[in-house]
Amino acid sequence: MAPSSAALSADNQTDQVLNAMKTRQHGAWSSGDYAVVGTTLQIVGEELCEALDIRSGQKVLDVAAGNGNVTLAAARRWCEVVSTDYVPSLIERGRLRAAADGLTVAFKEEDAESLSFADTTFDVVVSTFGVMFTPNQDKAAAELLRVCKSGGKIGLANWTPEGFIGQVFKTLGKYLPPPAGAKSPALWGTQARITEMFGAAAASIRVEKRHFAFRYRSPEHFLDIFKSYYGPMLKAFAALDEAGQRGLRDDLLALIGSRNRAEDGTMVVPSEYLEVVVIKR
């Protein structure tokens, strides 16, 4: 039976919303300098490679790689790595890091929702705090599965809704609500959503909650760094008037204060994330 005109209209509206989100997100991630924040997350890439038990010589694709944390970790383990992102400046930062370490990596500009690679090209497909931000979550998950070989592995690190960064985004949403119908990126940090997206094609799925500790000179230092370099927060503050900026700053500092385990004026805030290993059937 052919779809009704009402169904087609709804699909078109959904596509328009997702395309508009992608345009805004591209602008956000292209602003500031995510690499300043991204480089502090390197340990997550190392731990994900160990969880995947990757082997030298395997073909590895890093999707929405940012400045290349898993890229570098896999290259240090003598894998054949292709590092991709849709922000050219981040690809360049990854390239500079690889060159500084004397690592061989191929870099390519790619959209996580529409990868240019052939089916079943890679032994391992990875993403840390990257693919979770795609507007069309199901399409992105399908692309990760498509380019992964049968018996290959998909490894992800995704912020959870309850964790610190999940709550940061919830706080941002209080001041700048997301478009109607948009799925929260933090859903990628739940076992239910991972099973929904990958379960039908998976031989097995293993998830484990882990924590990354944000360590900064002070809560104010963290906020200043994120306001200056982390695209989504930079754009949020820029879109608000003075009163809104003051309210958002106060709410974020209160969130940090509620989770800060440092007692010496510095900031040590654990942020929960979901480490995911999918073995493709």
Side-chain angles (χ1 to χ4, degrees), residues 22 26 29 34-35 38 41-42 44-99 101 103-134 136-158 185 188 194 197-198 201-206 273-281:
K22 181 178 287 189
H26 188 272
W29 293 115
Y34 173 74
L41 301 166
Q42 182 61 43
V44 177
E46 304 292 341
E47 291 178 340
L48 183 59
C49 283
E50 290 303 303
L52 288 162
D53 192 25
I54 65 172
R55 306 301 172 88
S56 300
Q58 287 186 319
K59 292 183 177 180
V60 177
L61 175 66
D62 191 356
V63 178
N67 62 323
N69 288 333
V70 200
T71 292
L72 299 181
R76 277 194 276 270
R77 290 160 174 81
W78 307 102
C79 295
E80 297 179 23
V81 185
V82 181
S83 185
T84 67
D85 202 282
Y86 72 164
V87 178
S89 60
L90 289 177
I91 294 174
E92 184 58 27
R93 293 298 289 269
R95 184 180 284 113
L96 290 171
R97 294 178 77 195
D101 283 353
L103 300 172
T104 301
V105 176
F107 290 89
K108 192 173 183 185
E109 187 175 339
E110 291 278 344
D111 180 349
E113 295 177 4
S114 183
L115 298 170
S116 67
F117 307 102
D119 296 357
T120 66
T121 298
F122 296 94
D123 300 296
V124 182
V125 181
V126 295
S127 186
T128 57
F129 314 128
V131 73
M132 66 178 289
F133 291 103
T134 52
N136 193 329
Q137 298 184 1
D138 294 304
K139 193 172 182 181
E143 281 294 274
L144 300 185
L145 286 164
R146 182 183 65 78
V147 300
C148 185
K149 294 179 179 178
S150 177
K153 296 178 181 178
I154 296 170
L156 306 169
N158 303 322
W188 284 75
I194 291 296
M197 292 189 292
F198 295 97
S204 69
I205 297 177
R206 185 175 80 249
Y273 69 93
L274 196 69
E275 181 183 83
V276 180
V277 176
V278 177
I279 299 180
K280 182 180 172 183
R281 277 208 309 250

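Positions are given from 1, in the same order as the sequence printed here.
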Atom pair [atom1]/[atom2] of [X] and [Y] - distance to nearest 0.5 Å:
X: Cys49; Y: Leu72; atom1: SG; atom2: CG; result: 10.0 Å
X: Met132; Y: Gln137; atom1: CE; atom2: CD; result: 8.5 Å
X: Tyr86; Y: Glu110; atom1: OH; atom2: CD; result: 13.5 Å
X: Leu90; Y: Arg95; atom1: CG; atom2: CZ; result: 12.0 Å

State, with a plain yes or no, whether a side-chain heavy atom of [X] is found less than 4.5 Å away from one of [Y].
X: Trp188; Y: Thr134; answer: yes
X: Lys153; Y: Asp53; answer: yes
X: Ser83; Y: Ile91; answer: no
X: Arg97; Y: Asn69; answer: yes
X: Arg76; Y: Glu46; answer: yes
X: Tyr34; Y: Arg93; answer: no
X: Phe117; Y: Lys59; answer: no
X: Leu61; Y: Thr121; answer: no

- request: Give the intermediate values and the outcome of side chain to side chain contact (heavy atoms under 4.5 Å, CB included) for residues Cys79 and Val124.
  value: CA-CA 10 Å; Cys79 295; Val124 182; over 6 Å; no

Answer yes or no: is there a donor N or O on one side and an acceptor on the other, between the side chain of [X] and the main chain of [Y], under 3.5 Å?
X: Lys280; Y: Leu145; value: yes
X: Ser127; Y: Val63; value: yes
X: Thr84; Y: Asp62; value: yes
X: Asp85; Y: Gly66; value: yes
X: Thr120; Y: Val147; value: no
X: Glu113; Y: Lys139; value: no

Return the minimal non-hydrogen interatomic distance between [X] and [Y], and the atom names on each side.
X: Asn67; Y: Ala35; value: ND2-O, 3.6 Å
X: Gly151; Y: Ile279; value: O-CG2, 4.1 Å
X: Ala157; Y: Val44; value: CB-CG1, 3.7 Å
X: Val105; Y: Ala98; value: CG2-CB, 4.2 Å
X: Leu48; Y: Thr128; value: CD2-CG2, 3.7 Å
X: Ile205; Y: Ala202; value: CG1-CB, 3.7 Å

Verdict with supporting geometry, Leu156 and Ile194, side chain to side chain contact (heavy atoms under 4.5 Å, CB included): CA-CA 10 Å; Leu156 306 169; Ile194 291 296; 4.2 Å; yes

Apply side chain to side chain contact (heavy atoms under 4.5 Å, CB included) to residues Val131 and Leu144 and explain how you reach the verdict. CA-CA 9 Å; Val131 73; Leu144 300 185; 4.2 Å; yes

Q) Phe198 and Val276: side chain to side chain contact (heavy atoms under 4.5 Å, CB included), yes or no, with the steps? A) CA-CA 11 Å; Phe198 295 97; Val276 180; 5.9 Å; no

